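Each remark here refers to the structure printed beneath this line.
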Amino acid sequence: MPDQPRSGTGEQAKQQALTQLRQAILQGDMAPAQRLVENELAEEFGVTRASVRAALIDLAAEGLVERIRNRGSRVRVVTVEEAVAITECRMALEGLCAAKAAVAASDEQLAQLADVGAAMTKAVADGEPVTYSELNQQLHFLIREFSGQPVALELLDRLNGQLVRHRFQLALRPGRPQQSLGEHLAMIEAIAARDPKAAEAAVRAHLTGVIDALRE
C-alpha cells in the first residue's frame, strides 16, 4: 500500500481545517475559551500548521475564534451583552426573512414549516429539550431559506454561529421550550397566512423573548 502524505497543504487543506474547526465549535465540541493549539490541530486534521493558522484567521473574522498576541488562539467567549447585541441584529434580519417568506414560500414549503411546528409541539409534550432545540434551529433555517434573501442568510449564519453556547443553555433551561413554543407557532401561522407584517412582528416578539431570557 503506498505511503500516504503526512499532511495536506494549500487551499484545499485550509478549507478542510476550516470546515472541521467550524463544525466542532458550532456543535459545542470545543468549549468557549478552549485553547486551539496549531500543532495538535494540524496532527488531528492531517494538514500543515500553516493551513490550521490560515483557518484560524478566517474563523477569527467570523467571530468564532479570538487570536491573542503571543498566546495563540482560543474559542471566542461571547458575553451575555454581546449575545443580546447579536440577537438585536438577528431581529432585523430574521424579521425581514419572515416577511419575505410569507410572500415567497410555496405551499409545499409552508407545509414543511407546519410539520416542524407539529414536531416542536410533540417535543415539548414529551419533555425532550434537546430535540426541541434542534427543531428550533431547523425552523429558523427554513424561514431564512424560504425568504429568497441570500445576503441576509449569509449574515445570519455568521451571527448565529457566535450564539451556539447561549442557545444550547437556553434550550436546557427549565420551562424555556414551553415558553417559546407559542412564539414559534405564531411565526409559522403568520407566514402561512401570507401576512408579511404579522410574520415580521412575530419574529421580533420571539427574539425579544430570547433577549429577556438571556438577561435573566
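Keep in mind that the numbers below use all heavy atoms, side chains included, and drop hydrogens, waters and symmetry copies. Index from 1, following the sequence. It should be emphasised that the depicted structure is a prediction, and the values quoted were computed from it without experimental measurement.
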Go through the steps for L64 and L26 under the test side chain to side chain contact (heavy atoms under 4.5 Å, CB included), then give the verdict. CA-CA 9 Å; L64 297 180; L26 295 182; 4.2 Å; yes
Report the residues that fulfil salt bridge (charged side-chain N to carboxylate O under 4.0 Å, His left out) with D58, sequence neighbours left out, ordered by chain and then residue number. K14
Acceptor/donor pairs from residues 111-127 side chains to any protein atom, 3.5 angstrom cut, sequence neighbours excluded:
| unit_1 | atom_1 | unit_2 | atom_2 | d |
| --- | --- | --- | --- | --- |
| T121 | OG1 | G117 | O | 3.0 |
| K122 | NZ | D126 | OD2 | 2.6 |

Can you name the residues that form a side chain to side chain donor-acceptor pair (under 3.5 Å) with E108, not counting sequence neighbours? none
Over all heavy atoms of both residues, which pair between P196 and V103 is shortest? Give the atoms and the distance, please. CG-CG2, 4.1 Å
If I compare all heavy atoms of P177 with all of P129, which pair ends up nearest, and what's the gap? CG-CB, 4.4 Å
Check: Q16 side chain, F45 main-chain N or O, donor-acceptor pair, under 3.5 Å: yes
Will you find, in the side chains of Q138 and E134, an N or O donor that is under 3.5 Å from an N or O acceptor? no
When you measure from the side chain of S106 to the backbone N and O of Q109, does any donor-acceptor pair fall under 3.5 Å? yes
Contacts of H166 that satisfy ring pair (Phe, Tyr, Trp, His ring centres under 6.0 Å) - sequence neighbours left out: none
Give a yes or no on this: more than 12 heavy atoms of other residues, nucleotides or ligands lie within 6.0 Å of atom CD of E154. no
Could you list the residues that satisfy side chain to side chain donor-acceptor pair (under 3.5 Å) with E88, not counting sequence neighbours? none
What residues, two or more places apart in sequence or in another chain, satisfy side chain to side chain donor-acceptor pair (under 3.5 Å) together with N160? R90
Roughly how far, to the nearest 0.5 Å, is CG of L18 from CG of L59? 5.0 Å
Heavy-atom nearest pair, A213 first then R173, reads O-NH1, 2.7 Å
What's the shortest heavy-atom distance between A102 and A199, and which atoms? CB-CB, 4.2 Å
Step by step, work out the side chain to side chain contact (heavy atoms under 4.5 Å, CB included) result for L156 and C97. CA-CA 10 Å; L156 283 164; C97 288; 4.1 Å; yes
Across all chains, not counting sequence neighbours, the salt bridge (charged side-chain N to carboxylate O under 4.0 Å, His left out) partners of E66 are R74
Taking Y132 as the fixed residue, which of H184, Q178, Q137 is the one that meets the side-chain hydrogen bond (donor to acceptor under 3.5 Å, both in side chains) rule? H184
With sequence neighbours excluded, tell me which residues meet salt bridge (charged side-chain N to carboxylate O under 4.0 Å, His left out) with R165. none
Who pairs with V210 by side chain to side chain contact (heavy atoms under 4.5 Å, CB included), at least two apart in sequence or on another chain? T87, L170, R176, H206, L207, L214
Going by the side-chain hydrogen bond (donor to acceptor under 3.5 Å, both in side chains) test, name the single residue among Q162, R22, R76 that passes it with E62. R22
Would you give me the side-chain donor-acceptor pairs under 3.5 Å for residues 32-40, sequence neighbours excluded?
| unit_1 | atom_1 | unit_2 | atom_2 | d |
| --- | --- | --- | --- | --- |
| Q34 | OE1 | A31 | N | 3.1 |
| E38 | OE1 | R49 | NE | 2.8 |
| E38 | OE1 | R53 | NE | 3.4 |
| E38 | OE1 | R53 | NH2 | 3.2 |

Do you reckon L159 sits in the same ILVMFWY cluster as L153, going by side-chain contacts under 4.5 Å, direct or chained? no
List, one per line, each side-chain donor-acceptor pair under 3.5 Å for residues 141-151, sequence neighbours excluded.
| unit_1 | atom_1 | unit_2 | atom_2 | d |
| --- | --- | --- | --- | --- |
| S147 | OG | R144 | O | 2.6 |
| S147 | OG | Q149 | N | 3.1 |
| Q149 | OE1 | V151 | N | 3.2 |
| Q149 | OE1 | A152 | N | 3.0 |

I would like to know whether V65 and L21 meet side chain to side chain contact (heavy atoms under 4.5 Å, CB included); could you show each step before the answer? CA-CA 10 Å; V65 165; L21 275 167; over 6 Å; no
Indicate if L93 and V78 have the same hydrophobic cluster label, given that clusters are the connected sets of ILVMFWY residues with side-chain heavy-atom separations under 4.5 angstrom. yes
Check whether L181 and M187 end up in the same hydrophobic cluster, where Ile, Leu, Val, Met, Phe, Trp and Tyr are linked by side-chain heavy atoms less than 4.5 Å apart. yes
For G10 versus S51, what's the shortest heavy-atom pair and its separation? O-OG, 4.0 Å
Is there a path of hydrophobic side-chain contacts, each under 4.5 Å between heavy atoms, that joins I86 and L155? yes
Same cluster or not: V84 versus L163, using hydrophobic residues (I, L, V, M, F, W, Y) connected whenever any side-chain heavy atoms lie under 4.5 Å apart? no
Within 6.0 angstrom of Q20 CD, more than 12 heavy atoms from elsewhere: yes
Partner set under salt bridge (charged side-chain N to carboxylate O under 4.0 Å, His left out) for R204, not counting sequence neighbours: E200
On a heavy-atom basis, the closest approach of G95 and V203 is N-CG1, 3.7 Å
